[in-house]
Amino acid sequence: MERGFAVICAVVLAFTSHVCHAGKWQISPLAGYTYGGAFEEEDTGTDLNIEESPSLALAIDAEYEPDSQIEFYVSRQATEFKADPDDDDETGLALFPAGETLFDLDVYYIHIGGTYMWQERVNDFQPYIVGTLGVTHFVPRNSDYDPATRPSISLGLGARYWITKHVGLRAESRGFATLFNGSGSVFSNSEGLSIHVSSDAIGQIVANAGVFFEF
């Protein structure tokens, strides 16, 4: 997975370099917290949740126009995939006891898109909106379940504050929607076991904060 992930990053960065003017660049390491992400197991109706947890991200922005940038965004959330502790199953068909952790889970977002600054910089402060699209990559850990990759989109609001000419602070909130083609198998393993869900999409909200370096 690490090799494939590196290849994807290299391809997107090469594309970004090709389409951008020779303007300013920003690199933003970000720490965040990710909320949400719920599935419904197709056969039994058991609710399966991605637990909220801290996350890390890197955003690379290249100036395209004076008020817009092209952005490459990648993030990782290390979390758990659990049966809903409040899900009471009266049928006796639940595959997983309420509150049971099915497996540890890494959730990666690999996206490309852009930011738009809708007003001039005032007192070194500038708000922006951001929209991206790409893929969500789910990687079960300590488990024989296979990884899964699905398309996803995001939309967010944020702001930058310049401390010096080349360094500043950045805070934002993004909403992600990972798309599924209705019901079907998401995670499966070598023994033929699979987790079937009946979701068209799952949503997550990420709150990020960090620094940016402009050059």
Side-chain angles (χ1 to χ4, degrees), residues 5 8-9 12-13 15-17 19-38 49-80 105-139 150-179 201-215:
F5 182 75
I8 292 173
C9 292
V12 174
L13 285 174
F15 172 78
T16 303
S17 300
V19 301
C20 292
H21 302 312
K24 296 178 180 177
W25 287 73
Q26 290 181 357
I27 297 178
S28 305
L30 302 166
Y33 201 83
T34 301
Y35 306 83
N49 298 331
I50 299 173
E51 293 294 289
E52 62 184 57
S53 67
S55 53
L56 296 173
L58 179 68
I60 300 177
D61 296 272
E63 185 179 71
Y64 186 71
E65 298 289 349
D67 59 356
S68 62
Q69 300 166 309
I70 290 179
E71 179 174 277
F72 170 56
Y73 178 90
V74 59
S75 69
R76 174 180 180 262
Q77 176 195 13
T79 182
E80 296 177 334
L105 181 68
D106 287 342
V107 181
Y108 293 90
Y109 288 107
I110 307 168
H111 275 218
I112 189 167
T115 64
Y116 174 74
M117 284 67 73
W118 71 84
Q119 70 178 48
E120 296 293 328
R121 199 163 111 191
V122 178
N123 295 325
D124 294 321
F125 176 86
Q126 190 169 45
Y128 61 88
I129 58 176
V130 58
T132 62
L133 56 87
V135 297
T136 308
H137 189 54
F138 301 98
V139 182
R150 295 291 187 274
S152 54
I153 59 175
S154 80
L155 185 65
L157 295 171
R160 297 183 179 94
Y161 178 77
W162 275 258
I163 300 173
T164 71
K165 184 178 180 180
H166 299 289
V167 179
L169 303 176
R170 175 174 178 172
E172 63 182 28
S173 179
R174 302 183 187 226
F176 287 87
T178 300
L179 309 177
I202 64 164
Q204 288 192 296
I205 296 176
V206 183
N208 283 327
V211 298
F212 67 84
F213 304 94
E214 185 174 88
F215 54 94

Got [X] and [Y] here, is their nearest side-chain heavy-atom distance under 4.5 Å?
{"X": "Thr178", "Y": "Val107", "result": "no"}
{"X": "Asn123", "Y": "Tyr161", "result": "no"}
{"X": "Arg174", "Y": "Tyr109", "result": "no"}

- Item | No-hydrogen, no-angle side-chain donor-acceptor test under 3.5 Å, Thr115 and Gln69 |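 Thr115 vs Gln69: donor-acceptor pair found between side chains.
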Distance check, rounded to the nearest 0.5 Å: [X] atom [atom1] versus [Y] atom [atom2]?
{"X": "Tyr108", "Y": "Thr136", "atom1": "OH", "atom2": "OG1", "result": "13.0 Å"}
{"X": "Met117", "Y": "Ile129", "atom1": "CE", "atom2": "CD1", "result": "10.0 Å"}
{"X": "Thr79", "Y": "Leu105", "atom1": "OG1", "atom2": "CG", "result": "6.5 Å"}
{"X": "Ile153", "Y": "Leu179", "atom1": "CD1", "atom2": "CG", "result": "5.5 Å"}
{"X": "Asp61", "Y": "Glu71", "atom1": "CG", "atom2": "CD", "result": "4.0 Å"}

Excluding sequence neighbours, so at least two apart, what forms side-chain hydrogen bond (donor to acceptor under 3.5 Å, both in side chains) with [X]?
{"X": "Ser173", "answer": "none"}
{"X": "Ser28", "answer": "Arg170"}
{"X": "Thr132", "answer": "His111, Ser154"}

- Task: Taking atom CG of Leu169 as the centre, report whether more than 12 heavy atoms of other residues, nucleotides or ligands fall under 6.0 Å from it.
- Result: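 It does: Leu169 CG has more than 12 such atoms within range.
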- Item | Distance under 6.0 Å and angle within 45° of ring axis: Arg160 vs Tyr128 |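 Yes, a cation-pi geometry.
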- Message: Going by side-chain contact (heavy atoms from CB on, under 4.5 Å), Val74 matches just one of Leu58, Ile60, Leu56. Which one?
- Response: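 That would be Leu58.
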Run the side-chain donor-acceptor check on residues 206-215: report pairs under 3.5 Å with partners two or more places apart or on a different chain.
| unit_1 | atom_1 | unit_2 | atom_2 | d |
| --- | --- | --- | --- | --- |
| Asn208 | ND2 | Tyr73 | OH | 3.0 |
| Asn208 | ND2 | Glu172 | OE2 | 3.2 |
| Glu214 | OE2 | Gln26 | NE2 | 2.7 |

- How would you list all residue pairs meeting salt bridge (Lys or Arg N to Asp or Glu O under 4.0 Å) that involve residues 108-122, not counting sequence neighbours?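 Every pair satisfying salt bridge (Lys or Arg N to Asp or Glu O under 4.0 Å) with a residue in residues 108-122: Arg121-Asp124.
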- Message: Looking at every non-hydrogen atom in both residues, tell me the closest pair between Ala59 and Leu30 and how far apart they are.
- Response: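 For Ala59 and Leu30, the tightest heavy-atom pair comes out as CB-CD1, 4.4 Å.
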- Residues forming a ring pair (Phe, Tyr, Trp, His ring centres under 6.0 Å) with Tyr35, sequence neighbours excluded: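 Scan of Tyr35 (ring pair (Phe, Tyr, Trp, His ring centres under 6.0 Å), adjacent residues dropped) gives Tyr33.
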- Message: The test is side-chain hydrogen bond (donor to acceptor under 3.5 Å, both in side chains); show your working for Ser53 and Gln77 and say whether it passes.
- Response: CA-CA 7 Å; Ser53 67; Gln77 176 195 13; 3.0 Å; yes
